[in-house]
Amino acid sequence: DRPHVSDPQLVVDFSSGDFKLTFHNPKNVSEFSMILFKGHEKQQICALHVNKGNAIPKSNVTYCHAEHSNSSTTFILKSLERKHEGIYTCCLEMFLPPPYIECRLNETYLYIPEKEKCISPGLVSGIVIGLTAFAMISCVCCVVVCCLRNKNQQCDSNSHEYNSEYMPMAAVNAAKKPRI
């Protein structure tokens with residue numbers, strides 16, 4: 001019945017842009033704390049204190065929160081940016097039953113790549129398809145306009161037909177009045 005850490009291994013899961021650092025809870029311990037530190041200077045960013053099954057989370061940053069279950073403690077790191085990259089260390093402190101025990105469970109380095117600022121392939125193909133469709137519609141519209149213009153010009157030239165009710169007249173000089 002001596003308190004011990006059953007499995008000090010860290011499980012890191014990356015899903016939906018969030019890092020989940022999961023540690024197994026110690027067995028036969030009624031009061032303990034899990035603390036997540038960042039960097040070599042061990043800046044505390046997130047903690048979870050468990051006393052007789054009641055979990056009290058504490059966070060010093062907006063991007064970390066802790067979740068507790070009967071078997072594990074999970075630190076969830078959300079919306080990480082390049083500045084959050086570094087070494088993360090988890091520490092377990094066991095309070096009850098005595099004696100007080102403190103140990104470093106595990107340490108991991110989280111690499112956060114810069115967000116790409118280029119256009120995604122899906123967006124490029126959408127732009128190409130859109131421009132192609134626009135070019136085809138423009139060409140069809142130009143052909144229709146040219147056909148209508150030619151038809152109107154033919155109608156104007158056909159209006160001078162000889163069988164027409166109105167005949168084109170040539171310019172005539174004004175007749176001179178005879179003088180008597």
S.K.: Start with the C-alpha gap between F32 and L48, add the side-chain angles, then the distance that decides, and say whether side-chain contact (heavy atoms from CB on, under 4.5 Å) holds.
M.R.: CA-CA 8 Å; F32 67 93; L48 184 80; 5.8 Å; no
S.K.: Rounded to the nearest 0.5 Å, what's the gap from OG on S30 to CG on N54? Could you check?
M.R.: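 So the gap between those two atoms works out to 11.5 Å.
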S.K.: Test side-chain hydrogen bond (donor to acceptor under 3.5 Å, both in side chains) on T74 and T22; report intermediate values, then the result.
M.R.: CA-CA 4 Å; T74 303; T22 303; 3.2 Å; yes
S.K.: Please determine whether side-chain hydrogen bond (donor to acceptor under 3.5 Å, both in side chains) holds for the pair N25 and T73, giving the CA-CA distance in whole Å, both sets of side-chain angles, and the decisive distance to 0.1 Å.
M.R.: CA-CA 6 Å; N25 293 336; T73 297; 2.7 Å; yes
S.K.: What's the spacing between H24 NE2 and L92 CG if we round to 0.5 Å?
M.R.: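 So the NE2 of H24 and the CG of L92 are separated by 13.0 Å.
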S.K.: Hydrophobic cluster mates of I76, side-chain heavy atoms under 4.5 angstrom, ILVMFWY only, any path?
M.R.: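 When side chains under 4.5 Å apart are linked, I76 ends up in no cluster with other residues.
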S.K.: Under the ring-ring contact (aromatic ring centres under 6.0 Å, His included) rule, collect the residues that match up with F19, sequence neighbours excluded.
M.R.: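 F19 satisfies ring-ring contact (aromatic ring centres under 6.0 Å, His included) with F14 only.
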S.K.: Does H68 have any ring-ring contact (aromatic ring centres under 6.0 Å, His included) partners at least two apart in sequence or in another chain, and if so, which?
M.R.: none
S.K.: Taking the ring of H65 and the ring of F75, is the distance between their centroids below 6.0 Å?
M.R.: no
S.K.: Can you tell me how far apart SG (C64) and NZ (K78) are? Round to the nearest 0.5 Å.
M.R.: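 These two atoms lie 11.0 Å from each other.
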S.K.: Please assess T89 against K42 for the test side-chain contact (heavy atoms from CB on, under 4.5 Å), listing each intermediate value before the final yes or no.
M.R.: CA-CA 8 Å; T89 307; K42 304 287 188 255; 3.6 Å; yes
S.K.: Applying salt bridge (Lys or Arg N to Asp or Glu O under 4.0 Å), can you list everything that pairs with K58, at least two apart in sequence or on another chain?
M.R.: none
S.K.: Restricting to side chain to side chain contact (heavy atoms under 4.5 Å, CB included), what partner residues turn up for Y109, sequence neighbours left out?
M.R.: E85, I87, Y111
S.K.: Run the salt bridge (Lys or Arg N to Asp or Glu O under 4.0 Å) test against E93 and tell me which residues pass, sequence neighbours left out.
M.R.: none
